[in-house]
Amino acid sequence: MPINKCKPFNSYVGITDLKQIASKEDKVLVMNILGNESRKVTPVSHVYSEGNVVAGVQYGRPGVMKTAIGDIPVYSRLADAVAKHDFNTGVIYLPPAAVYHAVAELLHYNKKLKKIIIVTEKLSVKDQVQIRAIAQANSVDVFGANSLGVADAWNHVRIGGGLGGDKPEELLMKGSVAIHSNSGNFSTTITEYLKTQGFGVTTLVSSGKDTIIQYPVAEFLYAAQNDARTKAVVLYIEPGGFYEKIALDMIKEGKYHFTKPIIACVTGHWKAKLSRAVGHAGALAGSNDDAASKEQWFKDFLNVDVFDPENTDTVSEKGALVNSIQQIPLAMKAVFDKRRMQLDFEPKGDLKLKAWFGNDFDWQLPGNLKQAVGKAISPYDEEIERVNKALGAVFLRQNMRNASGASTLDPKTHIAELHGKKVTELAQNSYEENIFFALAKIPPKKQDIRLINNILNHLSQVPEGYFNLIKQAEKNKATPNQALMTVLALNPDNDKITYARQTIQNFIQLYIDLNLRDLSQEIDWQKFKDTIKTVFNFKNGQTHIDKWNDFLNHKSNALSLIKYITANYEVKDGDTFIIAGILFHLFLPALVKKKISQDTIADTYDYFNRIALISILSTTDFDSNDYIKSHIAGRTAPAQSFTETIFKAVFNYEPDTVSLKEFSTLAGITLTNGPGTISAKGAKESVSAGNQIATAFMGFLANTGLSHGGNGFVGIRYLLNAFGSQQDFNPATKNIDVEKIAEQAASNFGKAKNEAKAKGTSYERIPGINHPVFKGKPVNTDPREDYIYKQFSEAGIRNVFWDFYKALVHALKRQKITKNVYAVNIDAVIAAISLKLMWRLYRQNKVDEKAMQKIGFNLFLLGRTIGVAAEIDDHRNRGLPMDTRTPVSETRFVM
Amino acid sequence: MRITGMRYGAPILKLAGFPVPEVLHSNATYESIEKLIEKRGKVVVKPIFYGGVGKKGKAGLVKIVDNVQDAMAAKRQLFFVEHQFHNEKVIANGVTFEEFIPSEYEIYFNLNVSTVSRRPEFTLSIDGGIDIEELPPGKIISKSFDPLTGLKNYHIIDALAELNAPQELVSALVRHLPKLWELYNDYGFITLELNPIRVERKNGRLHAIACDYKGMLDQDNPLTDRLNLPPEIFETNLSEFEIEVNQLRTYQGQSDVAVINPEGTITSFMFGGGANSAATEILSEKTTISSDFGGNPPYEKMYHIARIVYKYWLEQSNVLLIIGGKANNTDIFVTYKAIFDALRDYYKTHPKKDLYVVSGRGGPNLIKGFAYARDILESLEIPYKFFGYDSSMIEVIQYAVDIDNWMIQNNNKTKHHAYQ
């Protein structure tokens, strides 16, 4: 195709003056306008340029792009956009493989097109060359690829990429210098640097640094000469290509005049040592377009050596050659001085080192390296002050489908972890300690445990009607999870929860305002009475807090604040206010350590409330449980261990320390099994759908059932059958021969198996033995079982059911029923501990099979509720709306 | 992505129907080598170098022998031969036995993209077989052509005329040279060079046969996949570290890395081509790696890169430098969160040693990013200084160098009790 050659060039060059590069006359269309990059950049450019984007194209996804000055229409194909809008500039944000096609499409449909700006990086050289060819044939100027676009401070226009980031008006101060840069980032950085010597800018061109530079130096200098606003130019140059030489040769040969000073910055000398391209497409060893060659071109042209600020001979009226960008402003100033030209404005700032953040800890740096932290430039100083005051962690929002920042499951050991702690370790903690840990991510302080118990006991004093609801649901054959949901459904975010959340937020605000981080610091709250009053909006008066008095005596300024407030103000719903205050006291260390977010601490009342409710409603038979009746009436010891309270709810007898340990171990090991379990997924999906915390707990409960959580009884039933008529023993002593029972059980199983095989029917497997991972060795163990067994043995805790299981796997091998000694797995541990705890009730005929099933299911729910609370909180902090949705591509239709 | 030699060159050239000699590999039997010698009376033995390694002939690494014993001796000599090429010492990885082509002419031919014409260009000489830099003007010619229509017969005819080539060469070359454009254009080449093409007289007619091959493929061009080349032939000149990072290339954003000094004491994350150039130059031999992670990489990519960088380089480093100008697009919070999350995770499994963190940066979410990094470094008790974009980037890099020098001088005894 013939090319419309424009003198003095041997090719088409439409731009004759820099002010045409990004002007108010330009009307822009953006391809892939709703893509990741453009979505952020285009609205800013559009607003800065006072509305220069007339339309966008998003293949197959028409719509609009919202901006502060109105919507930009988005079409699904270019032909539709061309039919409705006039534009002379196309911007391309498509993936590399689609860019050449888009250029062809723009040229095909829009005969009025004058400019194309390609932001996309990693274009193939083949596409670069072909783009050049077809753009030339159609008389269109191209910028890029791999360009950050173009901008003009005088015209107040930015097109293409994000020069100046999200604040172009801050960067682009009107002045007299035009910049052509191989580095997009440096077009911005050099602009900032120039201000320090009093220079603003005219036009910025981020040329890209692909093999083919579509708008190179020769074309740029020609247009700069014709631009009356531009008094000097900066060229930022990297190795590779002869573009600068072509420009300088054209000027030397008189093909066009160039009379303005050039500050050329050539970098990348180190690249000459490499034998392959690195970073921006660069010259390789042995080529004569490396940094040294490029420097030589400019030395010859400018008739100077490399710039030395101390030596005025290193600048000429034609300009200067620098080898680092920090020298650009100084060199420019020196050239301006030489030419007696005026600065654009008073210099702004300097380039000296200014540390904005720093801490040397106990390192003793010498004086010259100390670099004290100073005040940052505006508006960053205010932001730094804000973040310095900020409390708590900030999490990055992302798709949290099948992901968790709370739990993991080690694929090798199959041991689940919560906040980096193995469940086997957590199993050594009390129930209340684990509740706190799940939310705080750090263990509670010893002296705080009674406060935690107090809150949980208080919040578990629920109306008796709730137990009736459970009873009614059970009568209607509801499973335990289903019954619990009925009560949760009746308890959405009520005023109490909202008030508690607001109260905790007020505490946070007060600590931020007073810049307090340390609970142990003694504070005379009277001094801050005005701030307190403003933050909390209290009326003067008094609040009675008698029953809490004993609990507010720790050395903690948060607790003393509660006392101060209740002594001086009339606080509505004193109990809730005090609990919220105590929760603030409990969780503040985790907030200060940035383990948790402000949202999490504000939600702690909600979480404690739900966990306390689910826990107390695990009561096996409310009608016969006098202890729980007096508990909900507020007649039990407020600081009693919550583990004990719930133990009594489930088993209705006074536990000894061994029973309590067994009970909390059960809760500990079932805390979590990683984010992939369906119980965790139920909660996470509910959060993802935008539900309240209570509903997310219902999502968890809805995802448990007879196969997940409710199957614990299978192991118990197996044990009961195996021990048969032998019921007159204490499972904690050695008065029964477990070896013999195990031999018999193994033999029974062997017989049943052989018979079934002979008949070709199926047979029932023994629950609690074997493991998909821990298998294949002569003797196999499940590390979780092994760990807890050793813990218990060391503490002198014996369990004949567990011992039976350990004997059984050996008996099976001895009788050649199994090839090796199977592992006793964690289900066996749960069955053995559960049955031991129920044994007394069973022997006294206080529980039937149904009640034992309920207890088994509830024991699972008690532990898992804690782990799920952590999962809910994690998803609320990190997730995105609807992020658990399965992409259509992963769904399938089955016949 | 460069390939030299006929081991892979011959099958590639066959794709375009360009004549090549018979090539046997290292594992060729005595009998097959003997047969190859019988064909022409001689055989050419050459070492195989992975990557783009040239000037073998000049270094005396090409042996022409006429019997199997000598061929095997040459094989032993060349199999793991060392060769200094530019700044690199490369080691051979086998040999080829190539059919000897007797020739009256040796032709040089090259296809590439010219940054002067910004079009594809071919270079031709009928005085090939030697370093083309040694040829006087008039003996070699370069011509650009339209990429949309491609290399045509008349381009070759005209060039040969300008070189005053003998008429008998015209038909031999015009028949095959334009085929190379199809290969070049359809398989994602950046340069394709045959030197020499030997021209053999058979039955009175001349036949061109490519006797050595050099090609550079465009890693950004998916057409290169059509060659189905084993990846290891490109990766041998890359370090394990580089290979591991390159696997993340498909994500958005740059991830160009190169090992500068495996013994370096400063490890740097550089953002943007400019920062990459500036930092690598100033850090020089101090830096373990040169990198460019600009282009707004997503969290996952940046996290994995940081994880890999720490795995390879952190233990030996005194200073961790994160350097870039004022970013336009790159979200500083996202990148810093990834870099410092990975640092926190690194120290979960590695012992702490003295490290100083220096950073200079600007851009969207700068303070949020700095504050996030600060919190992690405070919790790890690692000393640090973060500079805003109002500090010169060069000064910040120099500061990292000064800290490193001071740590080395003090034999890394940085704590108060050791340094006065």
Side-chain angles (χ1 to χ4, degrees), chain A residues 37 96 121-126 129-130 132-133 148 161-163 165-166 183-186 188-189 192 209 211-212 238 241-242 246 267-270 273 275 278-280 285-286 324 326 349 351 353-364 366 369 371 376-377 380 383-384 387 396 594, chain B residues 86-88 113 115-116 118-120 146-148 185 188 190 218 220-222 256 258 272-274 276-278 280-281 290 292 294-295 299 324-329 337 363-364 367 370-371 374-375 378 381 383-392 394-395 399 402-403 406 414-416 419:
Chain A
E37 283 301 301
E121 60 196 35
K122 297 175 191 163
L123 232 63
S124 72
V125 177
K126 175 179 175 171
V129 171
Q130 290 189 338
R132 167 85 183 153
L148 261 182
L163 290 169
D166 47 2
S183 156
N185 179 268
F186 273 13
T188 303
T189 306
E192 286 292 350
K209 187 64 186 74
T211 302
I212 300 299
E238 293 187 3
F242 291 87
I246 294 168
T267 66
H269 290 265
W270 61 277
K273 293 181 196 162
S275 54
V278 172
H280 284 168
S324 103
Q326 73 170 353
L351 292 177
L353 281 181
K354 289 171 281 289
W356 289 7
F357 290 89
N359 187 347
D360 290 334
F361 292 94
D362 54 354
W363 290 35
Q364 295 295 305
L369 295 181
Q371 290 297 337
I377 47 169
Y380 296 93
E383 209 186 335
I384 290 174
V387 300
L396 191 66
K594 299 193 187 288
Chain B
H86 294 314
N87 302 307
E88 271 182 275
V113 164
T115 61
V116 177
R118 285 179 273 176
R119 305 206 308 167
D146 186 341
L148 303 177
N185 202 37
I190 299 176
D218 182 353
D220 291 325
N221 193 335
D256 293 310
N276 162 270
S277 248
T280 312
E281 200 139 322
S290 171
D292 176 5
Y299 176 85
K326 189 180 182 192
N328 295 294
N329 280 342
K337 182 170 175 11
I367 301 303
F370 273 175
R374 171 199 62 185
D375 292 342
E378 291 278 345
E381 294 189 18
Y384 64 94
K385 287 275 156 58
F386 298 160
F387 301 94
Y389 64 87
D390 58 343
S391 300
S392 153
I394 312 300
E395 296 286 335
Y399 182 74
D402 294 344
I403 294 265
W406 173 75
T414 52
K415 298 292 170 72
H416 57 294
Y419 182 83

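Chain letters run A, B, ... following the sequence lines, proteins first and then strands; every chain starts at 1.
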**Prompt:** Is B:Asp220 salt-bridged to A:Lys122, cutoff N-O under 4.0 Å?
**Reply:** no
**Complete:** Greatest number of non-hydrogen atom pairs under 4.5 angstrom with chain A, of B:Val116, B:Ile367, B:Asn221, falls to B:Ile367
**Prompt:** Does a side-chain heavy-atom distance below 4.5 Å link B:Lys385 with A:Asp360?
**Reply:** yes
**Request:** Ignoring hydrogens and angles, tell me if any N or O in the side chain of A:Lys126 forms a donor-acceptor pair with the backbone of B:Asn185 under 3.5 Å.
**Result:** yes
**Message:** Using 30° and 60° as the class boundaries, would you call the ring planes of B:Tyr389 and A:Tyr380 parallel, tilted or perpendicular?
**Reply:** perpendicular
**Message:** At a 4.5 Å cut-off on heavy atoms, which part of B:Arg374 comes close to chain A: side chain, backbone, both, or neither?
**Reply:** side chain
**Request:** Heavy-atom distances under 4.5 Å only: say whether A:Lys354 touches chain B with side chain, backbone, both or neither.
**Result:** both
**Item:** Top contributor to chain A contacts, counting heavy-atom pairs under 4.5 Å, from B:Ala278, B:Gly388, B:Ala371, B:Pro147
**Value:** B:Gly388
**Asked** Are side-chain heavy atoms of B:Arg118 and A:Val129 found at a separation under 4.5 Å?
**Response** no
**Message:** I need the residue from A:Ile212, A:Thr188, A:Leu369, A:Thr267 with the largest number of non-hydrogen atom pairs under 4.5 Å to chain B.
**Reply:** A:Leu369
**Request:** Not counting sequence neighbours, which residues clear side chain to side chain contact (heavy atoms under 4.5 Å, CB included) with B:Ile190? List them please.
**Result:** A:Val125, B:Met216, B:Asp218
**Fill in**
So, the part of A:Leu148 with a heavy atom under 4.5 Å from chain B: the answer is side chain
**Asked** Can any side-chain N or O of B:Ser392 pair as donor or acceptor with the backbone N or O of A:Gln326 at less than 3.5 Å?
**Response** no
**Separation between CD of A:Gln364 and CH2 of B:Trp406, rounded to the nearest 0.5 Å** = 8.0 Å
**Prompt:** Given that the side chain runs from C-beta out, which part of A:Ile246 has a heavy atom under 4.5 Å from chain B: side chain, backbone, both or neither?
**Reply:** side chain
**Fill in**
One should read off an interatomic distance between A:His269 NE2 and B:Thr280 OG1, to the nearest 0.5 angstrom, of 12.5 Å
**Message:** Using 0.5 Å steps for rounding, measure from the CD atom of B:Glu378 to the CZ atom of A:Phe357.
**Reply:** 10.5 Å
**Interface moiety of A:Ala376 toward chain B, non-hydrogen atoms closer than 4.5 Å** = neither
**Message:** Out of B:Val113, B:Asp390, B:Ile394, return the one with the most heavy atom pairs under 4.5 angstrom to chain A.
**Reply:** B:Asp390
**Prompt:** What's the spacing between A:Trp363 CH2 and B:Ile403 CD1 if we round to 0.5 Å?
**Reply:** 7.5 Å
**Request:** Answer yes or no: is there a side-chain heavy-atom contact under 4.5 Å between B:Phe370 and A:Trp356?
**Result:** yes
